[in-house]
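A short worksheet on the structure shown next.
Basis for what follows: all heavy atoms, side chains included, without hydrogens, waters or symmetry-related copies.
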Amino acid sequence: MLAEDSVLLREGLIGLLGRYDHEVVSAVGDAPALIAAVEEHAPDIVVTDVRMPPAFQDEGLHAAVRLREQRPALPVLVLSQYVQRTYAAELLDSGDGSGVGYLLKDRVGQIEEFMEALHRVADGGTVVDPEVVRQLLRRRRDPLEQLTPREREVLALIAEGRSNGAIAAELVVSEAAIGKHIGNILTKLDLPPTAGTHRRVLAVLTYLRA
């Protein structure tokens, strides 16, 4: 399900997704049509812009938040030129925090990068552009004082969607060391083992809400 007011970009995304064997069940240009189309088609994932008619402010993102309230398990990937802080935080907080993403159009450098993010969100993962993370944190006080500087650095990279191996390569340390840091982060943030694989997602949400 695709929501994008720019006809050229919308048609381009339809063609791109078709090349990768994905069926676009509906492509619309405004938020009310997005909500109606989701009701009709029950898609596997929604890809939406933020600013759409009539006011070109936050209609698409607001619709995405509303859809997640109604369908907490519906994967939603926001693809936009803008970071709308309030609703971005609400979207990332929706459901149990899984199956959501927020990418900036101008920062998606490769088609493969976009498709990987699409698949990750559809599979229940979380993908957040680093610039979105920075803007969400810019106006907030840091409540993560119990974390060491290195643990905060690791958590920031987790929020960017990095794997343990990628974080280890970025920080030039062993993957085992990263695993130890992540264990300390989860313990300090009081995330129960019963949360299972969602503990990383919950850690990211704690980071973004802080």
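- Under the 4.5 Å side-chain contact rule for hydrophobic residues, L79 and L91 do not share a cluster.
- When side chains are defined from C-beta on, Y207 counts as touching V133, because their heavy atoms get closer than 4.5 Å.
- The salt bridge (Lys or Arg N to Asp or Glu O under 4.0 Å) contacts involving residues 54-69 comprise nothing, where partners must be two or more places apart or lie in separate chains.
- A42 pairs by the side-chain contact (heavy atoms from CB on, under 4.5 Å) definition with nothing, not counting sequence neighbours.
- Applying the side-chain hydrogen bond (donor to acceptor under 3.5 Å, both in side chains) criterion to T126, with sequence neighbours excluded, gives no partner residue.
- Remark: I14 CD1 to L9 CG distance equals 10.0 Å, nearest 0.5 Å.
- V128 and L77 fall into different hydrophobic clusters, where Ile, Leu, Val, Met, Phe, Trp and Tyr are joined by side-chain heavy atoms under 4.5 Å apart, directly or via other members.
- With sequence neighbours left out, the side-chain contact (heavy atoms from CB on, under 4.5 Å) criterion links E160 to P130, L157, R162.
- The side-chain contact (heavy atoms from CB on, under 4.5 Å) with V100 is formed by just one residue from the set L205, V78, L92, V127; it is L92.
- With hydrophobic clusters built from ILVMFWY side chains whose heavy atoms lie under 4.5 angstrom apart, V83 shares a cluster with V76.
- With sequence neighbours left out, E175 forms a side-chain hydrogen bond (donor to acceptor under 3.5 Å, both in side chains) with no residue at all.
- The hydrophobic cluster containing M1 does not contain I45, counting ILVMFWY residues as joined when their side-chain heavy atoms lie under 4.5 angstrom apart, directly or transitively.
- Closest heavy-atom contact between P53 and D5: CD-CB, 3.6 Å.
- Scored by the side-chain hydrogen bond (donor to acceptor under 3.5 Å, both in side chains) test, R51 finds no partners at all (sequence neighbours excluded).
- V204 and A159 make their closest contact through CG2-CA, 3.7 Å (heavy atoms, listed as atom of the first residue, atom of the second, distance).
- V38 and V47 sit in two unconnected hydrophobic clusters of ILVMFWY residues. Membership requires side-chain heavy atoms under 4.5 Å apart, directly or through other members.
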Enumerate, atom names and distances included, each donor-acceptor pair closer than 3.5 Å involving a side-chain atom of residues 163-170, sequence neighbours excluded.
from: S163; atom 1: OG; to: A166; atom 2: N; distance (Å): 3.1
from: N164; atom 1: OD1; to: R200; atom 2: NH1; distance (Å): 2.6
from: N164; atom 1: OD1; to: R200; atom 2: NH2; distance (Å): 3.4

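- Counting heavy atoms from C-beta on, the side chains of L67 and T48 never come closer than 4.5 Å.
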Name each donor-acceptor pair under 3.5 Å that joins a side chain in residues 101-111 to protein atoms two or more places apart or in another chain, with its distance.
from: Y102; atom 1: OH; to: Y82; atom 2: O; distance (Å): 2.6
from: Y102; atom 1: OH; to: Q84; atom 2: N; distance (Å): 3.1
from: K105; atom 1: NZ; to: E4; atom 2: OE1; distance (Å): 3.0
from: K105; atom 1: NZ; to: D49; atom 2: OD2; distance (Å): 3.3
from: R107; atom 1: NE; to: D129; atom 2: OD1; distance (Å): 2.7
from: R107; atom 1: NE; to: D129; atom 2: OD2; distance (Å): 3.1
from: R107; atom 1: NH2; to: D129; atom 2: OD1; distance (Å): 3.4

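- Considering only residues two or more places apart in sequence or on other chains, N184 meets the side-chain contact (heavy atoms from CB on, under 4.5 Å) condition with E151, K180.
- Rounded to the nearest 0.5 Å, atoms CG (D123) and CG (L118) are 9.5 Å apart.
- Taking CD from E153 and NE2 from H181, the interatomic distance works out to 9.0 Å, rounded to the nearest 0.5 Å.
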Please set out all donor-acceptor pairs under 3.5 angstrom arising from side-chain atoms of residues 15-32, sequence neighbours excluded.
from: H22; atom 1: NE2; to: H119; atom 2: NE2; distance (Å): 2.9
from: D30; atom 1: OD1; to: A33; atom 2: N; distance (Å): 2.9

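- Qualifying side-chain contact (heavy atoms from CB on, under 4.5 Å) partners for E116, counting only residues two or more places apart in sequence or in other chains: R120.
- Taking Ile, Leu, Val, Met, Phe, Trp and Tyr as members and joining any whose side-chain heavy atoms lie under 4.5 Å apart, directly or through other members, M52 forms no hydrophobic cluster with any other residue.
- Pairing each heavy atom of L74 with each of P43, the nearest pair is CD1-O, 3.6 Å.
- Checked against R150 for a side-chain contact (heavy atoms from CB on, under 4.5 Å), the options I178, I185, L171 give a single hit: L171.
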